[in-house]
Amino acid sequence: MSANSRVIRGRIVSFTDDPATAGLSGRHYLDDGAVLVRDGRIEAVGEARDILAGAPKGATIDDHSGLLVAPGFIDAHIHYPQTQVIGSYGAQLLDWLHNYTFVEEQKFADPGHCARIAEFFLDELIRCGTTTAMVYCTVHPQSVDAFFAASERRGARMIAGKTMMDRDAPEALRDTAQRGYDESKALIERWGGRKRLDYAVTPRFAVTSTQAQLEAAGALAREFPAAYVQTHLDENHAEIELVARLFPAARSYLDVYDRAGLLGPRSVFGHCIHLKEAEVTAMAATRSVAAFCPTSNLFLGSGLFDQARLVRTGVRVALATDVGGGTSYSMLRTAAEGYKVLQINRQSWPAAEAFYQMTLGNARALSLDDRIGSIEAGKEADLVVLDSRATPAMAHRMETAKGDLDAELFALITMGDDRAVRQTYVEGQPAKF
């Protein structure tokens, strides 16, 4: 039994509720705490002296005293085929897709390329402390197989799906409504719900899917209610105008998806920057999720996310890197840009709320909060160890923090990146990166 037991000691910080509404009662902090992990799950969390005294004989002890131990970060919207187009210069959304993304995604016809990129991508997530992500693959089924196989070997909890595109893309990246349905169904049956893997029905966006394909995606969502849905919505003005021309009968961009049966509590819509009031109302009513992607929204010049408007109306919100339009795999860097976007919109976003969003908040948005997102007994042991003094500039800043946890968390967000990640644990095991 002890061979599968591990004690992870450090300054434990986790959330049991949204600090925006619960205040300090939503945050759990132990200055000298420890987590007892057995067989991939958290068995106990508490003061270090108590956990160490009750640990099984021979348990592995990982002493991170002085460092923060937090739940693993969760990324709600990211593209694994775009690792080699991140940072490509000078385009807005539609040009960027055609000039860079679609060129790169054609390489995923090669299973060997899929496998190599999947490994690199997962290495980067782990290196940045991200233990769960909602991931876009390419139109090629082998891209999904490679990603899920690599995730399964690592024991990672991941959500992913084959992109469905039957128009307005290179021929090598197009399927058909029927083939998209058939290939997605086969992938759901092969991977959906297997170990820590979940499938997302993935019509890329309304521009690249006909009405017939969107309806096929809706049919999959009804046939497999445990599956997720992921797509893009109201990111860019030119995109929105194109969707209106392609679907003249629809009342709005979101209405295109609604008519196909794609809204619901397991549906995550990337961006959601330029929503009409009726769209906000519909998202709230269906409990659909808006993914806030600050670095890509800024990089592609798409616009500023209005989080307060959505939250006020009851829309569920998640935070996401959106690599490769997004410019960093790090959720810390993403939160930093999110803070700035909200500042421009005259909206406050304290560090505790940002950390909540990267962890339990995103777990709730993905309906995974019974499994991940907080450090609680019974949950899966995905953890990240953070060093708020990881760089000389951060250490210099922390000299004046004087034990203020909120100041430390804010410094981690505004100054931190992958260098602040000392260790990532997946199912209680230290992951290599």
Are [X] and [Y] linked by a side-chain donor-acceptor pair shorter than 3.5 Å?
{"X": "Asp175", "Y": "Gln213", "result": "yes"}
{"X": "Ser288", "Y": "Thr286", "result": "yes"}
{"X": "Glu215", "Y": "Gln211", "result": "yes"}
{"X": "Thr400", "Y": "Arg397", "result": "yes"}
{"X": "Gln82", "Y": "Asp322", "result": "no"}

Heavy-atom side-chain contact between [X] and [Y] under 4.5 Å:
{"X": "Ser143", "Y": "Glu105", "result": "no"}
{"X": "Val341", "Y": "Asn297", "result": "no"}
{"X": "Asp62", "Y": "Tyr425", "result": "yes"}
{"X": "Thr163", "Y": "Phe108", "result": "no"}
{"X": "Phe73", "Y": "Leu386", "result": "yes"}
{"X": "Phe148", "Y": "Arg190", "result": "no"}
{"X": "Met283", "Y": "Val317", "result": "no"}
{"X": "Glu183", "Y": "His140", "result": "no"}

Using a strict threshold of under 4.0 Å (side-chain N to carboxylate O), is an ion pair present between [Y] and [X]?
{"X": "Glu104", "Y": "Lys107", "answer": "yes"}
{"X": "Arg154", "Y": "Asp123", "answer": "yes"}
{"X": "Lys195", "Y": "Glu427", "answer": "no"}
{"X": "Arg309", "Y": "Glu277", "answer": "yes"}

Check your understanding: Which residue pairs pass the ring-ring contact (aromatic ring centres under 6.0 Å, His included) test when at least one of the two sits in residues 221-243, sequence neighbours left out?
Key -> His77-His232, His79-His232, Tyr136-His232, His232-His271, His237-His274

Practice item. Just grab all the salt bridge (charged side-chain N to carboxylate O under 4.0 Å, His left out) pairs involving residues 220-248, residues at least two apart or on different chains. Key: Lys185-Glu223

Review point. Using the ring of each side chain (for Trp, its six-membered ring), is Tyr356 parallel, tilted or perpendicular to Phe15, with breaks at 30° and 60°?
Key: perpendicular

Exercise for review: Just do the side chain to side chain contact (heavy atoms under 4.5 Å, CB included) check on Phe247 and Asp255 with the steps written out, would you?
Suggested key: CA-CA 10 Å; Phe247 297 91; Asp255 190 46; over 6 Å; no

Practice item. Any side-chain hydrogen bond (donor to acceptor under 3.5 Å, both in side chains) involving residues 408-417? Give me the pairs, sequence neighbours left out, ordered by first then second residue. Key: Arg11-Glu408, Ser388-Glu408, Asp417-Arg419

Which atom pairs, one a donor and one an acceptor, fall under 3.5 Å between side chains of residues 125-134 and the rest of the protein, sequence neighbours left out?
residue : atom : partner : partner atom : Å
Arg127  : NE   : Glu124  : OE2          : 3.0
Arg127  : NH1  : Asp418  : OD2          : 2.5
Arg127  : NH2  : Glu124  : OE1          : 2.7
Arg127  : NH2  : Glu124  : OE2          : 3.0
Thr132  : OG1  : Arg157  : O            : 3.1

Exercise for review: Would you please name every residue forming a side chain to side chain donor-acceptor pair (under 3.5 Å) with Arg167, sequence neighbours left out?
Suggested key: none

Can you list, pair by pair, the side-chain donor-acceptor contacts under 3.5 Å of residues 368-375, counting residues two or more places apart and other chains?
residue : atom : partner : partner atom : Å
Ser374  : OG   : Glu376  : OE2          : 2.5
Ser374  : OG   : Lys379  : NZ           : 2.6

